[in-house]
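All chains are named by letter (A, B, ...) in the order of the sequence lines, taking the proteins before the strands, and each is independently numbered beginning at 1. Values below: all heavy atoms of this structure, side chains included; hydrogens, waters and symmetry mates excluded.
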Protein chains: 2
Amino acid sequence: MRGLGEGLMQKPLTVAEQVANVLRESIAEGSLAAGTPLRQDDLAERFGFSRMPVRDALRQLEAEGIVSIHPTKGAHVARMDAAEIREIFAVRALLEGEALRLSIPNLGKEKLDEAGYVLNQIDAEPNVGRWGTLNRAFHLALYSACGNTRLLGLIEAHHNAADRYVRILLSNLNYRSRSQSEHRDLLTTCRHRDAEAAVRVLKRHLSEGMETLARAGDGLAGKS
Amino acid sequence: MRGLGEGLMQKPLTVAEQVANVLRESIAEGSLAAGTPLRQDDLAERFGFSRMPVRDALRQLEAEGIVSIHPTKGAHVARMDAAEIREIFAVRALLEGEALRLSIPNLGKEKLDEAGYVLNQIDAEPNVGRWGTLNRAFHLALYSACGNTRLLGLIEAHHNAADRYVRILLSNLNYRSRSQSEHRDLLTTCRHRDAEAAVRVLKRHLSEGMETLARAGDGLAGKS
DNA sequence: ATCTGTATCCTCGTATACGAGTATCCAGAA
DNA sequence: TTCTGGATACTCGTATACGAGGATACAGAT
């Protein structure tokens with residue numbers, strides 16, 4: 001739950017946060033697979049810093065649910081089995097559904113246009129690595145007027161936690177076109193200001209993504 | 001979000017966690033008011049440890065939303081204004097409503113009896129400091145069968161974050177008796193396995209608590 | 001051959017030390 | 001008297017150092 005309550009007050013960028021950002025991206029991108037052990041010494045040497053900022057970064061990522069830490073046993077990239085993926089998507093459906101319902105009445109035209117622009121960007125983007133980020137940007141744009149900072153923070157945190165799995169989804173060209181189609185349906189419904197219908201479309205969208213993942217992903221987490 | 005995914009695998013209790021626990025309780029209890037600066041040196045000396053575990057503890061509490069940390073400026077007990085309290089309770093209503101709805105069909109008799117027992121404990125408990133814990137135990141007992149560990153983790157985290165304000169509520173004898181009455185209504189509805197009615201009672205219960213707090217608590221957060 | 005006990009190694013948790021940034025306070029000038 | 005400039009003190013972030021606990025591998029005994 002990173003920077004949950006506080007909006008965007010400028011804080012000096014500490015080394016620990018930079019390390020955390022790089023690790024988060026590496027995990028989301030897939031170059032650090034689930035279960036990969038994260039040795040403090042190794043990371044410190046690779047990054048060129050000491051172990052202390054690395055420790056802080058790992059703690060931060062643990063709080064986000066991306067890595068697991070066991071005292072004396074070390075840290076590793078968090079594993080997620082199909083059951084946990086279902087849990088995350090259930091929570092996402094709950095949180096995002098409510099956020100969308102609250103947001104639609106206050107959603108300005110510029111935000112709707114921004115969401116539409118992001119959709120076009122997704123279609124035009126050849127780089128697989130950016131789809132996850134763009135996908136998140138689209139969703140958050142629609143929720144941005146919900147008026148509850150904390151709710152938005154939770155949603156963003158869950159996007160981060162599930163990012164690497166969503167990217168697996170999006171790397172499937174078949175799913176991607178279907179997802180885009182659902183995205184456009186959702187945007188259209190939002191433009192009509194029909195909150196309940198939009199929530200239905202959204203929940204269906206999430207539900208389908210979850211099923212696709214859970215079906216294909218039983219072997220994703222690696223062995224224990 | 002402490003120990004969110006992982007249930008109860010035994011981990012060695014580190015000094016940092018002990019410090020975090022003590023600080024969390026001190027904040028919830030009220031002896032550390034909102035806005036109180038938390039100097040690493042002071043805390044290290046008071047606890048008899050070095051600054052490192054204190055740093056870890058503060059990071060952990062920051063992740064829980066209980067303290068705020070600014071690099072080079074230090075940490076202080078997180079402030080909450082009326083708006084943020086409303087946000088927290090809105091999220092709680094959403095999360096706990098869903099958890100209750102999912103839980104009721106699978107709720108065993110022993111859990112219902114446990115919840116009832118906790119209610120009697122609250123009536124009999126003279127120590128103000130335990131009401132917050134008991135209150136949380138009652139609610140979590142009702143949600144325990146929801147089947148979503150992550151959802152339960154989020155709920156517990158938000159209880160922790162709001163604990164000190166809930167305790168202010170509960171220290172008001174008037175509110176406390178009304179709250180207990182609502183608790184018993186809720187339990188009765190749960191025993192009848194009427195999920196929708198129970199969710200209505202719960203949301204109303206939370207809404208009343210929020211209003212009482214927000215009305216009385218505009219000046220709670222202290223000055224910025 | 002297998003099982004057990006022991007010794008080594010490896011990793012983390014904690015302590016201490018150092019450097020950098022910021023806020024504060026006092027002195028001097030307008 | 002007030003404002004500005006600089007110096008000092010304070011706090012955090014980071015680096016290095018040390019001790020403890022667990023896992024593993026090897027040797028010996030059954």
Touch class at under 4.0 angstrom, heavy-atom based, for B/Leu38 against every strand present: sugar-phosphate

Spacing between A/Glu45 atom CD and D/dT16 atom C1', to the nearest angstrom: 15 Å

Interatomic distance, B/His76 NE2 vs D/dC12 C1' [rounded to whole Å]: 14 Å

B/Ile69 CD1 to D/dT11 P, straight-line distance once rounded to whole Å: 16 Å

Short side-chain N/O contact from B/Arg39 to OP1 or OP2 of D/dC10, under 4.0 Å: no

B/Asn160 and B/Arg136 side chains, donor-acceptor separation under 3.5 Å: yes

Any B/Thr72 side-chain N or O less than 4.0 Å from OP1/OP2 of D/dC12: no

Nearest-Å distance for atom pair CZ/C1', residues A/Phe47 and D/dA15: 17 Å

Candidates C/dA15, C/dC18, D/dA15 - which lies nearest the side chain of A/Ser50: D/dA15

Upstream residue (5' side of DNA chain D) when A/Lys73 and A/Asp56 are each assigned their closest nucleotide: A/Asp56

C/dG13 OP1/OP2 closer than 4.0 Å to side-chain N/O of A/Arg55: yes

Protein-nucleotide distance (A/His70, atom NE2; C/dC12, atom C1'), rounded to Å: 11 Å

Pairing of A/Arg167 and A/Glu25 as salt bridge, 4.0 angstrom limit: yes

Separation of atom CE in B/Met52 from atom P in D/dA15, rounded to whole Å: 11 Å

Value in whole Å for how far the P atom of D/dG13 lies from CG of B/Asp41: 12 Å

Salt-bridge present (B/Arg92, B/Glu87; N to O < 4.0 Å): no

B/Gln40 side-chain N/O to D/dC10 phosphate OP1/OP2 under 4.0 Å: no

Rounded distance in Å - CG (B/Asp42) to P (D/dC10): 12 Å

Sidechain N-carboxylate O distance under 4.0 Å for A/Arg86, A/Glu211: yes

First of A/Arg51 and A/Val15 reached from the 5' end of DNA chain D, by closest nucleotide: A/Val15

Distance-only polar pair, side chains of A/His70 and A/His76, donor-acceptor under 3.5 Å: no

